[in-house]
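A short worksheet on the structure shown next.
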Amino acid sequence: MALLLKTDIERGDAWQRALHAADPDMTVHDWPYDGDPAEIEFALVWGPPRGALRRFADLKAIFSIGAGIDHLASDPELPDGVPVVRMVEPGLTAGMTEFVILGVLTHHRFMLDYAAQQRTRIWREIPQIAAARRRVGIMGLGVLGSEAADKVAALGFAVAGWSRSPKERPGISTFHGEAGLEPFLARSDILVCLLPLTVETEGILNARTFAALPRGAALVSTGRGGHVVEADLLAALDSGQIGGATLDVFREEPLPPESPFWAHPRVILTPHVASMTIPDSAAEAVVANIRRLRAGQPLHHVVDLRRGY
Ligand code: NDP
Ligand code: OXD
């Protein structure tokens, strides 16, 4: 059996080593592969060109290198009937939890204001607010959102989560569906977006959403750039309805040099690095899943392509 690997050039060697350590018998071919297509049973990929996986007629599963599968779901020529598996692995989850905590604490502790004061040599204390009085709202209570919610709640924040289906989670207030969105937003001083990008969530961070937040609320956007209506966010930042934003993902990546977000004084931005799949832990997860399939058990973390996540 062989697995076809398509990753960025920087992490290619690390993936090769990690996959070999997880299963020394597995043959791994790097992308692009022009050998016998019938040899390829599994694809482990990020952003394959449209239609490129079709030629592997014996493909048994497509593993996404990332948690998001929008890079695959957007391909109308994906091979029919081949399961698509999203990435769930402890390194990716831990990295996202760190980033969410970083974003929440940045806004909670007024770091944008202090950075502005530093630039102008102003020494001024801003009264601190107890974490219990700061309401954090996490959109998406899946693998990443639920872990982040628990860890932010453990720091003492008042945490709520919003999902599609109803959920119960100790220590977290939960809201769901369209009817739950407004009350969830109304109590979110810091809004974190950890939704997948789907037909339903595209553009969800828009003027209406921002208007439903408490005035001056902060945004931590780490799901996908397609969630954000960028003109609406700029207007909300300029009016003060949104007090500050941590933005990791953008509609166009790399973010074009002319984007107003680069120089916006109320924005901290990072180049889609909130979390990264860690080859060592991820290779073990992928190999364990392949072993399940070989043992006749159902694969874990198969996505519903019609639902989009
Ligand atoms: P999951 O599939 O585990 O969770 C998705 C969550 O979103 C679920 O709780 C789901 O609700 C909820 N959801 C989906 N659609 C809707 C909707 N229409 N209304 C309300 N809730 C909805 O995903 P992960 O937690 O693993 O990952 C989330 C996303 O994070 C990824 O898709 C990716 O885009 C992004 N990401 C970004 C990274 C970065 O570096 N910036 C790194 C990794 C991931 P329900 O539970 O009811 O199904
Ligand atoms: C992911 C990502 O989806 O890196 O994992 O964005």
Side-chain angles (χ1 to χ4, degrees), residues 7-8 10-11 44-47 63-74 84-100 102-103 137-151 160-169 172 174-185 188 191-206 209 219-228 246-251 253-255 268-279 281-282 285-286 300-309:
T7 181
D8 51 72
E10 293 82 13
R11 278 179 289 178
L44 172 60
V45 291
W46 182 262
F63 293 92
S64 167
I65 282 185
I69 55 91
D70 40 306
H71 62 112
L72 294 166
S74 58
V84 173
V85 180
R86 71 206 170 99
M87 184 55 73
V88 176
E89 65 93 4
L92 184 64
T93 305
M96 185 56 83
T97 299
E98 285 173 10
F99 194 88
V100 170
L102 180 68
I138 301 191
M139 302 177 92
L141 269 186
V143 171
L144 301 179
S146 57
E147 175 74 7
D150 290 349
K151 295 279 164 63
W162 181 70
S163 51
R164 209 160 76 117
S165 56
K167 300 240 179 299
E168 277 185 30
R169 203 158 180 94
I172 312 294
T174 52
F175 297 80
H176 70 277
E178 254 189 74
L181 184 57
E182 280 227 14
F184 162 80
L185 294 171
S188 295
L191 182 70
V192 178
C193 182
L194 262 176
L195 291 166
L197 184 63
T198 68
V199 173
E200 284 180 18
T201 65
E202 204 277 332
I204 195 165
L205 298 175
N206 56 37
T209 301
L219 172 67
V220 178
S221 172
T222 65
R224 282 289 181 266
H227 292 138
V228 182
T246 296
L247 307 176
D248 182 59
V249 283
F250 297 88
R251 280 187 182 258
E253 295 179 3
L255 185 65
I268 293 178
L269 68 82
T270 45
H272 197 144
V273 291
S275 189
M276 289 177 200
T277 299
I278 308 288
S281 40
V286 170
H300 281 150
H301 312 306
V302 173
V303 299
D304 176 346
L305 283 173
R306 274 165 313 166
R307 197 177 63 166
Y309 72 102

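Both counts, for ligands and for their atoms, begin at 1 and track the order of listing.
Considering backbone and side-chain atoms alike, V249 places every N or O at 3.5 Å or more from each N or O of ligand 1. Every N/O-N/O distance between A67 and ligand 1 stays at or above 3.5 Å. Considering backbone and side-chain N/O of T201, none are found under 3.5 Å from N/O of ligand 1. Checked against a 3.5 angstrom limit, the closest N/O atoms of W162 and ligand 1 fall outside it. Looking at ligand 1, you won't find any N or O of D70 less than 3.5 Å from one of its N or O atoms. In terms of polar-atom proximity, defined here as any N/O pair under 3.5 Å, R164 does make such a contact with ligand 1.
For atom 30 (O) of ligand 1, the nearest non-hydrogen atom of the protein is L194 CD2, 3.7 Å. Protein heavy atom at the shortest distance from atom 8 (C) of ligand 1 is G142 N, 3.7 Å. Atom 43 (C) of ligand 1 has L144 CD1, 3.7 Å as its closest protein atom, hydrogens excluded (heavy atom only). Looking at atom 1 (P) of ligand 1, its nearest protein heavy atom turns out to be R86 NH1, 3.3 Å. At the top of the distance list for atom 48 (O) of ligand 1, counting protein heavy atoms only, stands Y309 OH, 2.5 Å. Closest to atom 9 (O) of ligand 1, if we only count protein heavy atoms, is L141 N, 2.9 Å. Looking at atom 18 (N) of ligand 1, its nearest protein heavy atom turns out to be E200 OE1, 2.9 Å. For atom 38 (C) of ligand 1, the closest heavy atom belonging to the protein is M96 CE, 3.4 Å.
Proximity of I69 to ligand 1, defined as any heavy-atom pair under 4.0 Å, is not found for any part of the residue. The side chain of K167, and not its backbone, has at least one atom closer than 4.0 Å to an atom of ligand 1 (non-hydrogen atoms only; side chain from C-beta on). Contacts between D248 and ligand 1 below 4.0 angstrom, taking non-hydrogen atoms only, involve the side chain exclusively.
Salt bridge annotation for E253-R224: absent, with no cationic side-chain nitrogen under 4.0 angstrom from a carboxylate oxygen.
For atom 5 (C) of ligand 1, the choice among P196, G308, G225 with the nearest heavy atom turns out to be P196. One option in L197, T222, D304, V88 has a heavy atom closer to atom 37 (C) of ligand 1 than any other, and that option is T222. The residue from V273, L195, T93, V303 that puts a heavy atom closest to atom 12 (C) of ligand 1 is L195.
Not a single donor-acceptor pair under 3.5 Å links the side chain of H227 to the backbone N or O of T222. Judged purely by atom type and a 3.5 angstrom limit, T277 uses its side chain to pair as donor or acceptor with the backbone of I65.
Every protein residue with a heavy atom nearer than 4.0 Å to ligand 2 is included here: W46, G66, A67, G68, R224, H272.
Side-chain atoms of D248 and V273, non-hydrogen and from C-beta on, do get closer than 4.5 Å to each other. P271 is not listed as a side-chain neighbour of L255, based on a closest heavy-atom distance of 4.5 Å or more. With a 4.5 Å cut-off on side-chain heavy atoms, E98 and K151 do not count as touching. Using a 4.5 Å heavy-atom threshold, the side chains of M96 and L194 count as touching. In this structure, Y309 and L195 have side chains that are not in contact, with every pair of non-hydrogen atoms separated by 4.5 Å or more. Looking at M139 and I204, their side chains come closer than 4.5 Å, going by heavy atoms from C-beta outward. Residues R86 and V302 form no side-chain contact, since every pair of their non-hydrogen atoms from C-beta on lies 4.5 Å or further apart. Contact annotation: the side chain of T174 never approaches that of F184 to less than 4.5 Å [non-hydrogen atoms, C-beta and beyond].
Taking every non-hydrogen atom of H272 and a distance limit under 4.0 Å, the qualifying atoms of ligand 1 come out as 39 (C), 40 (O), 41 (N).
For an aromatic pair to be called close, the ring centres must be under 6.0 Å apart, and W46 with H71 satisfies this.
Note on ligand 1: G66 sits outside its first shell, no heavy atom being nearer than 4.0 Å. Proximity of M276 to ligand 1 is not established, as no heavy-atom distance is less than 4.0 Å.
Atoms CE and OG, from M87 and S275 in turn, are 11.5 Å apart once rounded to the nearest 0.5 Å. Taking CZ from R307 and CZ from R164, the interatomic distance works out to 5.5 Å, rounded to the nearest 0.5 Å. To the nearest 0.5 angstrom, T198 atom OG1 is 12.5 Å from L305 atom CG.
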**Message:** As a quick check of understanding, evaluate side-chain hydrogen bond (donor to acceptor under 3.5 Å, both in side chains) for T97 and E147, giving each step before the final call.
**Reply:** CA-CA 7 Å; T97 299; E147 175 74 7; 4.6 Å; no

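Heavy-atom minimum distance, L72 versus S64: CD1-CB, 4.0 Å.
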